[in-house]
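To start, the structure under review is shown below, and the notes come after it.
In this chain, residues are counted from 1 in sequence order.
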Amino acid sequence: MSKFLIKNATIVNENKLQVADVLIQDDIIQKIDATISDATATVIDASGKYLLPGVIDDQVHFREPGLTHKGNIASESRAAVTGGITTFMEQPNTNPQTTTIEKLEDKFALGAASAYANYSFLFGGTNDNLEELKKLDKNACSGVKLFLGSSTGNMLVDNEEVIEKIFRNTEMVISAHCEDETTIKNNLAKYKEQYGDDIPMEYHPIIRSAEACYLSSSKAIALAKQTGARFHVFHLSTGIETALFRNDILLKDKKITAEVCLHHLWFSEEDYKTKGSLIKWNPAVKTAEDRSQLWDAFLDDRIDVLATDHAPHTLEEKDNVYTKAPSGGPLVQHALPAMLEKYHEGKISLEKIVEKMCHNPAILFEIDRRGYVREGYYADLVLVDLNNSWTVSKENIVYKCGWSPFEGTAFQSKISHTFVNGHLAYENGVISEKRNAKRLTFNR
């Protein structure tokens, strides 16, 4: 039996700050009170530090199986706990793709063997696996993923009849990558004619344009309304799309929800000049005005959650001409510190960060007993020192790919401790080699 007693922490939870002690016994938060004494517990003095629920990241690509030269479940989940992420939901565009129940369970076996953070996986919808999808139990995994615009892995679903049937035939959350393929192909052809393969990187948000995003997401949302599907739009990148979502009802009652990723709140098209392919994502980082409108929608609750879309590639792969440089980048280690930087800038409150990164993913996916600092909940917890500055460098990057778009960035806040199911998985720069992660369960 393991016991930890966290003393004098400022708990950030359910829209309030509270100084209290937290007793963890085995994998559960046993007690939260003003003063707790327990001579049998290991005491952590958290005076001056902030205790957050562990972050839940609803969109990562950990590259296993089949693409493990970029990263794997072990390497990237180690980076995640370093960054205060205690739960991840991994995407289906691996090799082989997660498009059958058998392949889904193979992924869960990989997670059980090697994950340092709690795990679930999304089942990939395709043009021809509807019958398999119908057999999937609604509590088996975090949800269904559709690529309504092709991205890494070529899992484009473009048969409209099939899309409608998927929308009508699952109770699970359907998450989608929304970009209009025809628009992108036409834009790409135009710039290839002008530049060949070596298109300047700053044309990426023009090729994968705001129009391409809006065409796809608006059409998919219209279908979701028509069919009554539970629909979640991944990685919004444009201001125009934010008008498609509402904030006049509680998240638990929403049928249509939205996510924004850290990079679309941090970078803008101006950064392509210095970062180049390192900030090449799909959908693309767009204008400063798009970023500003995304922040507005994020803060007023039209956008419900923040995620990373963590998607590592090697530097060798990234160091290519435009058409050959893959899209995606590593983010799980730095997402929470980056958001805490926005707190220091006065852009967002600590309570709002916790709502968007911890509470709301738990609500949206109906996750069992995670995402909050509550008695009886799993002890997924993060201690943060808001006044311990550090700079991202090659020496402190944990990702297998060995690089970050944040290299050279100074953060004022540092994560000191991460608990996963009551196990101290990370402490002051040291990752525990013992794993205590669990497969997510759901209340659907």
Ring-face cation of Lys318 near Trp403 (centre distance under 6.0 Å, axis angle within 45°) =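 So Lys318 doesn't make the cation-pi contact.
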
message = When you measure from the centre of the six-membered ring of Tyr116, is the NZ or CZ of Arg435 closer than 6.0 Å and no more than 45° off the axis?
response = yes

Would a distance-only check, ignoring hydrogens and angles, find a side-chain to backbone donor-acceptor pair under 3.5 Å from [X] to [Y]?
X: Ser217; Y: Cys213; result: yes
X: Lys255; Y: Gly228; result: yes
X: Asn118; Y: Thr86; result: yes
X: Asp304; Y: Ala258; result: yes
X: Asp300; Y: Arg302; result: yes

Full working for side-chain contact (heavy atoms from CB on, under 4.5 Å) between Thr94 and Lys107 = CA-CA 10 Å; Thr94 46; Lys107 273 261 192 97; 3.4 Å; yes

Going from [atom1] on [X] to [atom2] on [Y], what distance comes out if it is rounded to the nearest 0.5 angstrom?
X: Asp385; Y: Lys414; atom1: CG; atom2: NZ; value: 8.5 Å
X: Leu262; Y: His334; atom1: CG; atom2: NE2; value: 10.5 Å
X: Glu355; Y: Phe298; atom1: CD; atom2: CZ; value: 8.5 Å
X: Asp58; Y: Cys261; atom1: CG; atom2: SG; value: 7.5 Å
X: Asn282; Y: Ile207; atom1: CG; atom2: CD1; value: 10.5 Å
X: Ile353; Y: Leu340; atom1: CD1; atom2: CG; value: 5.0 Å

Heavy-atom neighbours of [X] [atom1] exceed 12 at 6.0 Å:
X: Glu171; atom1: CD; answer: no
X: Lys134; atom1: NZ; answer: yes
X: Lys275; atom1: NZ; answer: yes
X: Glu345; atom1: CD; answer: yes

Can you find a heavy atom in the side chain of [X] that is under 4.5 Å from one in the side chain of [Y]?
X: His417; Y: Leu51; result: no
X: Lys219; Y: Glu160; result: yes
X: Met89; Y: Leu122; result: yes
X: Ile73; Y: Tyr119; result: no
X: Ile11; Y: Val22; result: yes
X: Thr257; Y: Arg230; result: yes
X: Cys358; Y: Ile56; result: no
X: Pro337; Y: Ile415; result: yes

inquiry  = Using the ring centroid of each side chain, check whether Phe442 and Phe365 are separated by less than 6.0 Å.
reply    = no

request  = Run the ring-centre check on Phe411 versus Phe406 and record whether the distance is less than 6.0 Å.
outcome  = yes

For the residue pair [X] and [Y], does the interplanar ring angle fall in the parallel (under 30°), tilted (30 to 60°) or perpendicular (over 60°) class?
X: His177; Y: His235; result: perpendicular
X: Phe121; Y: Phe88; result: perpendicular
X: His204; Y: Tyr272; result: perpendicular
X: Tyr399; Y: His310; result: tilted
X: Phe234; Y: His232; result: perpendicular

request  = Quick one: do Asn320 and Ser277 satisfy side-chain contact (heavy atoms from CB on, under 4.5 Å)? Show the steps, please.
outcome  = CA-CA 8 Å; Asn320 263 302; Ser277 65; over 6 Å; no

Indicate the atoms forming the closest heavy-atom contact of [X] with [Y], along with that distance.
X: Met201; Y: Lys280; value: SD-CD, 3.9 Å
X: Leu67; Y: Asn93; value: CD1-O, 4.0 Å
X: Ile206; Y: Asn187; value: O-ND2, 3.3 Å
X: Ala307; Y: Asp57; value: CB-OD1, 3.4 Å
X: Met172; Y: Ser142; value: CE-C, 4.3 Å
X: Phe245; Y: Leu236; value: CE1-CD1, 3.7 Å

task = Apply side chain to side chain donor-acceptor pair (under 3.5 Å) to the pair Thr126 and Asp128, showing each step before the final yes or no.
result = CA-CA 5 Å; Thr126 70; Asp128 54 14; 2.9 Å; yes

Among residues at least two apart in sequence or on other chains, which ones pass side-chain contact (heavy atoms from CB on, under 4.5 Å) with [X]?
X: Lys185; answer: Glu181
X: Asp27; answer: Tyr378, Asn421, Lys438
X: Lys190; answer: none

Between [Y] and [X], does any NZ, NE, NH1 or NH2 come within less than 4.0 Å of an OD or OE carboxylate oxygen?
X: Asp301; Y: Lys352; answer: yes
X: Lys165; Y: Glu161; answer: yes
X: Glu179; Y: Arg208; answer: yes
X: Lys192; Y: Asp197; answer: yes
X: Arg439; Y: Glu90; answer: no

ask   = Going through the checks in order, is the side-chain contact (heavy atoms from CB on, under 4.5 Å) test met by Leu294 and Thr242?
value = CA-CA 7 Å; Leu294 288 168; Thr242 61; 4.0 Å; yes

Residue that, paired with Ile166, satisfies side chain to side chain contact (heavy atoms under 4.5 Å, CB included) out of Leu223, Asn159, Leu130, Thr227 = Leu130

inquiry  = Exactly one of Thr82, Val332, Val81 should register a side chain to side chain contact (heavy atoms under 4.5 Å, CB included) with Val398. Which one does?
reply    =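 The passing option is Thr82.
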
key: Tyr195 and Tyr203: side chain donor to acceptor below 3.5 Å   = yes

ask   = After noting the C-alpha distance and the side-chain angles of Arg291 and Glu270, does the key distance pass the salt bridge (Lys or Arg N to Asp or Glu O under 4.0 Å) rule?
value = CA-CA 12 Å; Arg291 179 177 60 190; Glu270 295 152 24; 5.3 Å; no

query = What's the verdict on side-chain contact (heavy atoms from CB on, under 4.5 Å) for Phe267 and Trp281, showing C-alpha distance, side-chain angles and the deciding distance?
reply = CA-CA 11 Å; Phe267 299 104; Trp281 276 279; 4.1 Å; yes

